[in-house]
Amino acid sequence: MPADTLTRVFSALADPTRRDMVARLAGGDATVNQLAEPYRMSLQAVYKHLKVLQDAGVVSRPPGPQPRMVRLETEVFDEMDAWIEQYRRRAEERYSRLDALLDDMVSQTDESEDSNDRED
């Protein structure tokens with residue numbers, strides 16, 4: 001996923017209303033009116049939120065007569081997941097190295113204490 005696309009997706013998802021819309025769409029397609037129901041905002045504001053999500057590739061609205069269903073585009077999340085995964089793997093590798101180092105330090109401390117106990 002190009003950086004420009006990632007920027008648009010993360011920017012679109014930075015808004016809590018848009019994240020809520022995405023969460024609701026995860027349960028299935030919905031019309032704009034269905035999406036607008038729980039919000040205390042105008043239908044025009046809902047359309048603006050959907051436009052941001054659509055421009056980022058997070059949702060789509062197929063052409064056709066009204067009411068058109070809003071559909072979540074899951075491929076964008078697969079691409080985001082792949083991008084995030086590479087950093088998660090790096091972090092896990094660092095933590096694994098730290099765990100090994102700490103285990104080694106504990107073993108050395110235990111060995112040192114054991115040898116001090118035998119000298120007494």
Side-chain angles (χ1 to χ4, degrees):
M1 173 181 289
D4 295 343
T5 304
L6 274 176
T7 300
R8 284 193 305 271
V9 170
F10 283 122
S11 180
L13 295 175
D15 183 276
T17 300
R18 290 192 286 267
R19 284 194 310 272
D20 186 62
M21 288 178 174
V22 166
R24 293 179 59 225
L25 287 168
D29 298 353
T31 65
V32 174
N33 284 332
Q34 290 169 330
L35 282 175
E37 284 174 6
Y39 306 112
R40 301 181 80 194
M41 67 177 77
S42 68
L43 202 53
Q44 183 179 4
V46 171
Y47 274 107
K48 285 183 179 181
H49 281 295
L50 288 174
K51 175 84 169 112
V52 172
L53 290 169
Q54 194 169 356
D55 289 347
V58 177
V59 301
S60 64
R61 293 181 60 220
Q66 298 290 346
R68 297 183 314 191
M69 300 302 280
V70 179
R71 176 174 298 126
L72 191 62
E73 295 297 331
T74 57
E75 298 83 27
V76 74
F77 295 102
D78 293 338
E79 293 175 25
M80 286 174 54
D81 186 49
W83 182 83
I84 292 168
E85 178 65 19
Q86 66 182 322
Y87 296 102
R88 187 190 63 75
R89 268 186 272 132
R90 287 183 191 172
E92 282 184 358
E93 288 170 4
R94 285 195 333 261
Y95 289 130
S96 292
R97 288 193 306 267
L98 178 59
D99 285 343
L101 177 65
L102 292 173
D103 287 344
D104 188 44
M105 290 172 66
V106 167
S107 295
Q108 288 177 3
T109 302
D110 289 346
E111 289 173 9
S112 175
E113 288 174 358
D114 286 346
S115 78
N116 285 343
D117 287 345
R118 281 184 240 140
E119 290 176 4
D120 292 337

Results of side-chain contact (heavy atoms from CB on, under 4.5 Å) for D78 - residues two or more places apart only: none

Spacing of T74 atom OG1 and E79 atom CD [to the nearest 0.5 Å]: 10.0 Å

Name every donor-acceptor pair, under 3.5 Å, that has one atom in a side chain of residues 94-104 and the other anywhere in the protein, sequence neighbours excluded.
unit_1: S96; atom_1: OG; unit_2: E92; atom_2: O; d: 3.0
unit_1: D104; atom_1: OD2; unit_2: Q108; atom_2: NE2; d: 3.3

Interatomic spacing from CD in E37 to CZ in R24 - rounded to 0.5 Å: 7.0 Å

Distance (rounded to the nearest 0.5 Å) between D81 CG and Q86 CD: 11.0 Å

Test: E85 and R88 ion pair at under 4.0 Å: yes

Smallest separation among heavy atoms of F77 and L72, with atom names: CE1-CD1, 3.7 Å

Derivation and outcome, side chain to side chain contact (heavy atoms under 4.5 Å, CB included), residues Y87 and R90: CA-CA 5 Å; Y87 296 102; R90 287 183 191 172; 3.6 Å; yes

Whether R68 side chain and R61 backbone form a donor-acceptor pair below 3.5 Å: no

Min side-chain heavy-atom separation V46-M21 under 4.5 Å: yes

Linked, directly or transitively: M69 and L35 (ILVMFWY side chains, under 4.5 Å): no

Between CD on residue E75 and OG on residue S60, distance to nearest 0.5 Å: 8.5 Å

Nearest non-hydrogen partners of A45 and M41, listed with the distance: CB-SD, 3.8 Å

Identify each donor-acceptor pair in which a side-chain atom of residues 50-59 lies under 3.5 Å from a protein atom, sequence neighbours left out, and give them as a table.
unit_1: K51; atom_1: NZ; unit_2: D55; atom_2: OD1; d: 2.9
unit_1: K51; atom_1: NZ; unit_2: D55; atom_2: OD2; d: 3.4

Backbone of L13 reached by a side-chain donor or acceptor of R19 within 3.5 Å: yes

Any side-chain heavy-atom pair of L6 and M80 under 4.5 Å: yes

